[in-house]
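Quick note: numbers below take in every heavy atom, side chains included, and nothing from hydrogens, waters or symmetry partners. Note that the numbering runs from 1 along the sequence shown for the chain. Quantities reported herein were computed from a predicted structural model and do not represent experimental measurements.
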Amino acid sequence: IRVFVEAVLGILSSKNVALRAIVVGSGSLLDEIKHKVTCSGFENRFYFTGSVPHAHILGFHFLSDIYVSANSDGNLTNANLEAIAAGTCMIIPAPQHEKYIDVKTTDYLADAVSYFKHDDPDDLRDKILHLINNPYEIARLSSKLAMTKKSFMRSWDERVQEAMEI
């Protein structure tokens with residue numbers, strides 16, 4: 001979360017852009033991050049939801065033009081799979097080959113998402129700015145993701161039918 005907040009604060013402090021960040025969830029860093037945002041003077045550009053019932057998550061995807069995951073442990077988390085299922089334009093960490101993290105994930109997602117260098121807020125800032133300045137790219141990535149997910153994500157009914165045939 002630190003990388004995301006630093007990237008957004010970097011954008012807000014150097015550019016006059018229409019950017020609002022929604023931070024969904026809670027965790028041990030939440031108070032520290034909220035304090036950093038408040039001290040920056042940009043608290044009106046952030047919305048911290050705290051814990052959110054699962055049934056409301058999809059609504060946040062529909063509110064967002066870009067979904068950013070700064071999860072350093074892997075890109076096929078439930079949160080990211082929900083963003084993929086929703087067809088939200090995504091920016092996710094690039095594979096960490098030295099740690100064998102997400103080495104195969106790019107086989108699934110390929111060029112349907114934008115990747116930033118792990119733990120690099122400046123690179124994430126640049127990726128977010130590129131999309132803000134090129135809205136057609138947001139639409140292209142969302143469309144590409146909608147097509148790409150068909151190759152590896154199946155609906156619940158499809159998975160049940162497959163299990164029934166075993």
Side-chain angles (χ1 to χ4, degrees), residues 1-9 11 19-34 36-37 46-128 130-132 137-160 162-163:
I1 188 71
R2 281 188 188 122
V3 172
F4 173 70
V5 170
E6 286 179 34
V8 172
L9 289 175
I11 293 168
L19 172 63
R20 293 198 181 277
I22 302 171
V23 179
V24 177
S26 60
S28 61
L29 297 175
L30 186 59
D31 289 337
E32 174 189 331
I33 296 299
K34 281 181 168 182
K36 183 173 187 157
V37 168
F46 284 81
Y47 176 59
F48 293 93
T49 67
S51 294
V52 173
H54 184 263
H56 297 163
I57 295 296
L58 187 58
F60 286 105
H61 287 292
F62 292 139
L63 286 173
S64 304
D65 294 319
I66 304 166
Y67 169 87
V68 176
S69 172
N71 186 330
S72 61
D73 296 329
N75 286 323
L76 291 180
T77 62
N78 284 343
N80 288 4
L81 289 170
E82 288 166 348
I84 292 167
T88 309
C89 174
M90 296 178 69
I91 304 175
I92 60 176
Q96 299 174 61
H97 294 282
E98 66 285 355
K99 294 181 181 178
Y100 302 102
I101 295 176
D102 286 322
V103 175
K104 290 291 187 183
T105 304
T106 53
D107 291 346
Y108 295 116
L109 299 175
D111 62 347
V113 299
S114 179
Y115 298 94
F116 72 95
K117 294 175 194 160
H118 167 73
D119 211 25
D120 187 338
D122 293 333
D123 190 46
L124 178 55
R125 179 200 63 219
D126 293 346
K127 298 297 195 282
I128 294 170
H130 172 74
L131 292 173
I132 289 171
E137 184 69 3
I138 294 172
R140 186 191 74 76
L141 285 171
S142 295
S143 179
K144 179 82 172 174
L145 186 58
M147 297 303 295
T148 300
K149 74 179 180 184
K150 292 177 183 179
S151 69
F152 68 91
M153 288 184 80
R154 296 178 316 277
S155 71
W156 178 254
D157 290 338
E158 290 169 327
R159 292 189 314 236
V160 167
E162 184 178 297

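Of the candidates L109, L124, V68, L76, I92 forms a side-chain contact (heavy atoms from CB on, under 4.5 Å) with just one, namely L109.
With rounding to the nearest 0.5 Å, the separation of CG in D120 from CD in E6 is 10.0 Å. To the nearest 0.5 Å, the span separating OG1 on T148 from CG on L145 amounts to 6.0 Å. To the nearest 0.5 Å, atoms CD1 (I1) and OG (S26) are separated by 11.0 Å. For the atom pair S143 OG and I138 CD1, the distance stands at 13.5 Å (nearest 0.5 Å). To the nearest 0.5 Å, atoms CD (E82) and OG1 (T77) are separated by 8.5 Å. To the nearest 0.5 Å, atom CG of residue L9 and atom CG of residue L19 are 9.5 Å apart.
Although no hydrogens or angles enter the test, the distance criterion places a donor-acceptor pair under 3.5 Å between the side chain of Q96 and the main chain of S72.
For D73, the salt bridge (Lys or Arg N to Asp or Glu O under 4.0 Å) test picks out no residue, with sequence neighbours left out. In terms of the salt bridge (Lys or Arg N to Asp or Glu O under 4.0 Å) criterion, residue partners of R2 (sequence neighbours excluded) are, by chain and number, E32.
Looking at heavy atoms from C-beta onward, N75 lies out of side-chain contact with M90 at the 4.5 angstrom threshold. When side chains are defined from C-beta on, F46 counts as touching V5, because their heavy atoms get closer than 4.5 Å. When side chains are defined from C-beta on, L131 counts as touching I91, because their heavy atoms get closer than 4.5 Å.
For K149, the NZ atom is densely surrounded, since the number of other residues' heavy atoms within 6.0 Å is greater than 12. For Y108, the OH atom is loosely surrounded, since the number of other residues' heavy atoms within 6.0 Å does not exceed 12.
Salt-bridge check for K34 with D31: failed, with every basic side-chain N at 4.0 Å or more from each acidic carboxylate O.
Here the shortest heavy-atom pairing between T88 and S64 reads CG2-O, 4.3 Å. In plain terms, the two heavy atoms of V24 and T49 that are nearest each other are CA-OG1, 3.1 Å. Contact detail for Y115 and K127: the closest heavy-atom pair is O-CE, 2.9 Å. Taking all atoms of both residues into account, the shortest heavy-atom contact from D123 to F116 is OD2-CA, 3.1 Å. What you find for R140 and D111 is that their closest heavy atoms are NH2-O, 4.2 Å. Closest approach of P95 to T106, counting heavy atoms only: CG-CG2, 3.3 Å.
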Discussion item. Please evaluate residues Y67 and H61 with respect to the criterion side-chain contact (heavy atoms from CB on, under 4.5 Å), reporting the C-alpha separation (whole Å), side-chain torsions for both, the decisive distance (0.1 Å), and the verdict.
Written reply: CA-CA 7 Å; Y67 169 87; H61 287 292; 3.6 Å; yes
